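Down below is the structure, laid out as structure tokens.
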Amino acid sequence: QVQLVESGGGLVQAGGSLRLSCAASGVTFSRYTMGWFRQAPGKEREFVAAISWIASRTSTADSVKGRFTISRDNAKNTVFLQMISLKPEDTAVYYCAADPSNNYFPKTYSYWGQGTQVTVSS
């Protein structure tokens, strides 16, 4: 059974930093593309960043480029999202997702975590 468990969310002041983690189980982690998405109240879920299992290529949304960095540790079955220079508009529930796609970055993801809340105060 596939499980994705996010952690590291919380309340931070604008300009601060957080590091999100997503621990995966029940998958061959090294063969999965991992992604981070977020959903703010009243808004649709949006893509934040992804890291492929093929060559660990990364893709990052323009809205967070230069501030957020995705990385993975295959030995620990964990993907990270390092967030710096946080803004109030980064406030959202952040979700981890996984997919065994043979493309670098799938259009849809097969598995999702429950999410972790990130709140950035002004």
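Everything numeric here is computed off the predicted structure, so don't read it as measured data.
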Does Arg57 qualify as a cation-pi partner of Phe105, given the criterion of NZ or CZ under 6.0 Å from the six-membered ring centre and within 45 degrees of its axis? no
Please tabulate, for the side chains in residues 84-100, all donor-acceptor contacts under 3.5 angstrom to protein atoms that are two or more places apart in sequence or on a different chain.
from  : atom 1 : to     : atom 2 : distance (Å)
Asp90 : OD1    : Arg38  : NH1    : 2.9
Asp90 : OD1    : Arg67  : NH2    : 3.0
Asp90 : OD2    : Arg67  : NH1    : 2.7
Asp90 : OD2    : Arg67  : NH2    : 3.4
Asp90 : OD2    : Lys87  : N      : 2.8
Thr91 : OG1    : Pro88  : O      : 2.9
Thr91 : OG1    : Val120 : N      : 2.9
Thr91 : OG1    : Val120 : O      : 3.4
Tyr94 : OH     : Arg38  : NH1    : 2.9
Tyr94 : OH     : Asp90  : O      : 2.6
Asp99 : OD1    : Ser110 : N      : 2.9
Asp99 : OD1    : Ser110 : OG     : 2.6
Asp99 : OD2    : Ser101 : N      : 2.9

If you compare all heavy atoms of Ala49 against all heavy atoms of Leu81, which two are closest, and at what distance to 0.1 Å? CB-CD1, 4.2 Å
Report yes or no: do Met34 and Val27 belong to one cluster of Ile/Leu/Val/Met/Phe/Trp/Tyr joined by side chain heavy-atom distances under 4.5 Å? yes
Starting from Tyr32, can I reach Phe47 by hopping between I/L/V/M/F/W/Y residues whose side chains sit under 4.5 Å apart? no
Do Met83 and Val12 land in one hydrophobic cluster if side-chain heavy atoms of ILVMFWY residues count as linked below 4.5 Å? yes
Could you tell me whether a side-chain N or O of Ser17 sits under 3.5 Å from a main-chain N or O of Gln82, the two making a donor and an acceptor? no
Can you name the nearest heavy-atom pair linking Val48 to Val64, along with the distance? O-CG2, 3.8 Å
Just verifying a value: how many Å separate Asn102 CG and Arg31 CZ, rounded to the nearest 0.5 Å? 7.5 Å
With a 6.0 Å cut-off (strictly less than), is the heavy-atom count around CD of Gln39, excluding the residue itself, greater than 12? yes
Determine, using the 4.5 Å side-chain heavy-atom cutoff (strictly less than), whether Tyr109 and Leu4 are members of one ILVMFWY cluster. no
Can the ring centroids of Phe37 and Trp112 be said to lie less than 6.0 angstrom from one another? yes
Residue pair Cys22 / Trp36, side-chain heavy-atom distance below 4.5 Å: yes
Has the side chain of Glu6 got a donor or acceptor atom that lies under 3.5 Å from a matching backbone atom of Gly115? yes
If Ile, Leu, Val, Met, Phe, Trp and Tyr residues are connected whenever their side-chain heavy atoms lie under 4.5 Å apart, and connections chain through other members, are Leu20 and Phe80 in the same group? no
Could you tell me whether Arg72 sits above the aromatic face of Phe29, with NZ or CZ closer than 6.0 angstrom to the six-membered ring centre and within 45 degrees of the axis? yes
Closest heavy-atom pair and its distance - Thr33, Pro106: CG2-CD, 3.7 Å
